[in-house]
Amino acid sequence: MNSIEVKNLSKVFGNFISVNNISFEVKEGEVFGFLGSNGAGKSTTIKMLCGILEPTSGDALVGGYSIATQPDEVKKNIGYMSQKFSLYNDLTVNENINFFGGVYGLENKLLKDRKKWVLEISGLEGREDTLTSSLSVGFKQRLALGCAVIHEPKIIFLDEPTGGVDPISRRKFWDLITDLSDKGTTVFVTTHYLDEAEFCGRIILIDAGILIAAGSPKELKKEYIKNKVIQLDCSDIYKAAEILEKENITDSISIFGNSLHLTMKEQIRSLNELEDDEIKIITDLLSNDNDLKIYHISEISPSLEDVFLYLVEKKTADEE
Amino acid sequence: MKNKILSITKKEFLQISRDKRTLMIIFILPVALLILFGYAITLDVNSINMGVYDKDNTEASRDFINSFSGSSYFKIVTYVDNDEDVNKLLDDGIVQCVVVIPDKFSADIARKEDVNIQFLIDGLDANTASIILNYVNAATRSYSAEITKEVLAVKGIKQYVPIDLEPQFWYNKDLDTTQYFLPGLIAMLLIIIAVILTSISLVREKELGTIEQIRVSPVTSFELIIGKIIPYLIISLVIAYSILLMGKVLFDVTVKGSHLFLFLGTMSYLLASLSMGVLISTFADSQQVAFQMSQLISQLPTVILSGFVFPIESMPFPIQIVSNFIPAKYFIILLRDILIKGVSPEVYGTQILYLLGFAVVFIFLAARRIRKENTV
């Protein structure tokens, strides 16, 4: 069954098309990743799906309710948490939980039970009277999640929930997300971190308001990265990129930290099935330059980041 | 619905109680302003600085001068003996008026001839000048009356005055302008405080992003507004009554009319002001902008157009129409009726309805803006 059904959804601000006619479905209990660069229209889409922004055209059913005509019903059935961890810093942990519980109409026994649960998942038992401002980011994040799902919604929207959080807290947070999903909650999450997107059952990619790809991480990699991806560590990656670009043997060259990811052209592969040879071609090319030292070169399995960069570059190239 | 509103109100109270510094400003500022304005704003003209050029210099002329210096309104600052000095006194602003007594003053009086006395009055401040003129007229007339009485007495005739005017000022017997200004002052202080408090509190949530969390919840924009207004209504009611108490202690302004209607009127005015603050918050994106907009929109029209300082009846007709859109106008009428006149509620009851009308319109507009657009 589908938790969310988006049909030809668009949002226009003046002359600017923020979301351009996108359609997709999210299944019940699924962790659904919504990826795109800054300004791609992620937040606008999430705001429309939460019922706080009217779509210009199109509609979506969230938990069975139309976002265009029944936004109030939508709000009762969803939880929402953003990058800002919208807690009140001048209130204590306990007061924050009470407030959000009250806003969702929880009372007495139910509120008490849910408060216990929130404290448990955020690891704040015994710190109920601490001011929220003095909590570390990781705790705030888990408390914000707890407050956002205090009313046990069937669907939760997470808008870049792990921004500015350390890796260990991020891991803990994703464990909580997985737990919620296992219990049947649909999780709709946007993120910048493409490694996080690997946790998602299915993802969609949008760029400049247009949906450019959809599928499971595995499917996407298989569909879009048919060629070999080679990782190259060397003394000067910019120079190496410059040299290789001239040779017309790569589809794309992207910089990942201190190394290069080279997506090779298909022709090279068809010329010679031996994978070592591609590495050899590159090594030979780069060895012409005496200053350049290769530290490491090997074929890697493509990441979602490769897929994403490939698609965005391809789209830009197509437009030109 | 009740539960949600209460949650917001409770949260707001907790936040206010944590912010001790703001809380102190909230209470101290209006009281300080009341004292400052209460003593500063007055149109009463007391101790007029007067210069004297006595060309006659006789017992009669000194007697005439004494009739001025004897009253509390005039203060004789200096005597001069030539015309240039008279000009200089007025040019330099040392005195506000100069009396010039002609050299044949006592002789003319003795011969029962008409005497012309010259008064030179600084007309720069038209209001003060006309008040000085009235005082001078009254003082001269009573001095003349004394002489007439003496002359008639000598002839054995009893003076007969056919019509004797005995004016009585109602409501504000001593024509104390502070009494007149205080209601306006209360209205101005309350609207500034109320508008700033609500608009800042809402815009702060906008800045922090917490408003987003409320907007995705089932709380309606109406519930949000009411939940936000209640705590500030209670706080500003406390402020209103502390201002009234200060007014009684410092300026002797007591409640002469109905306490119940004073409470209802104040509450309606505060509701209108607080909801105006909510409406402003839907237009402002930062606390600074909210603060400036609040001040501009609440203070300026209240001072100029509400009848606080300038009587609405003397304004040009188009501006009189504009003044109808200033909530303070209705509250000032109500306060003057209750505090100064002490008349019965039938006279001013409708003012409360007007004020509630403002509150309803502002809340409706604000709720619509919050709901429709991605504003607050």
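Chain identifiers are assigned alphabetically (A, B, ...) following the order of the sequence lines, protein sequences preceding nucleic acid strands; residue numbering begins at 1 within each chain.
Side-chain contact between Leu131(A) and Arg18(B) is present, with at least one heavy-atom pair separated by less than 4.5 Å. The closest side-chain heavy-atom distance from Lys10(B) to Phe99(A) is not below 4.5 Å.
Of the listed residues (Leu208(B), Ile214(B), Thr220(B)), the one with the most heavy-atom contacts under 4.5 Å to chain A is Ile214(B). Note: Leu14(B) leads Leu14(B), Val219(B), Asp19(B) in heavy-atom pairs under 4.5 Å with chain A.
Contact record, Glu107(A) with Asn3(B): CG-ND2, 3.1 Å, taken as the closest heavy-atom pair. For the pair Lys47(A) and Glu212(B), the tightest heavy-atom approach, listed with the atom from each and the gap, is CE-OE2, 3.2 Å. Gly102(A) and Ser7(B) get closest at one heavy-atom pair: CA-OG, 3.1 Å.
Interatomic distance, OG of Ser82(A) versus CD of Gln213(B), reported as 6.5 Å (0.5 Å rounding). Residue Tyr88(A) holds its OH atom at 6.5 Å from CD of Gln15(B), rounded to the nearest 0.5 Å.
By the 6.0 Å contact criterion, OH on Tyr241(B) is enclosed, its count of non-hydrogen atoms from other residues, nucleotides or ligands being greater than 12. Within 6.0 Å of atom CD in Gln288(B), 12 or fewer heavy atoms from other residues, nucleotides or ligands are found, so the atom counts as exposed in its surroundings. Heavy-atom neighbours of Phe27(B) CZ from other residues, nucleotides or ligands within 6.0 Å: above the threshold of 12.
Both the backbone and the side chain of Asp90(A) come within contact range of chain B, judged by heavy atoms closer than 4.5 Å.
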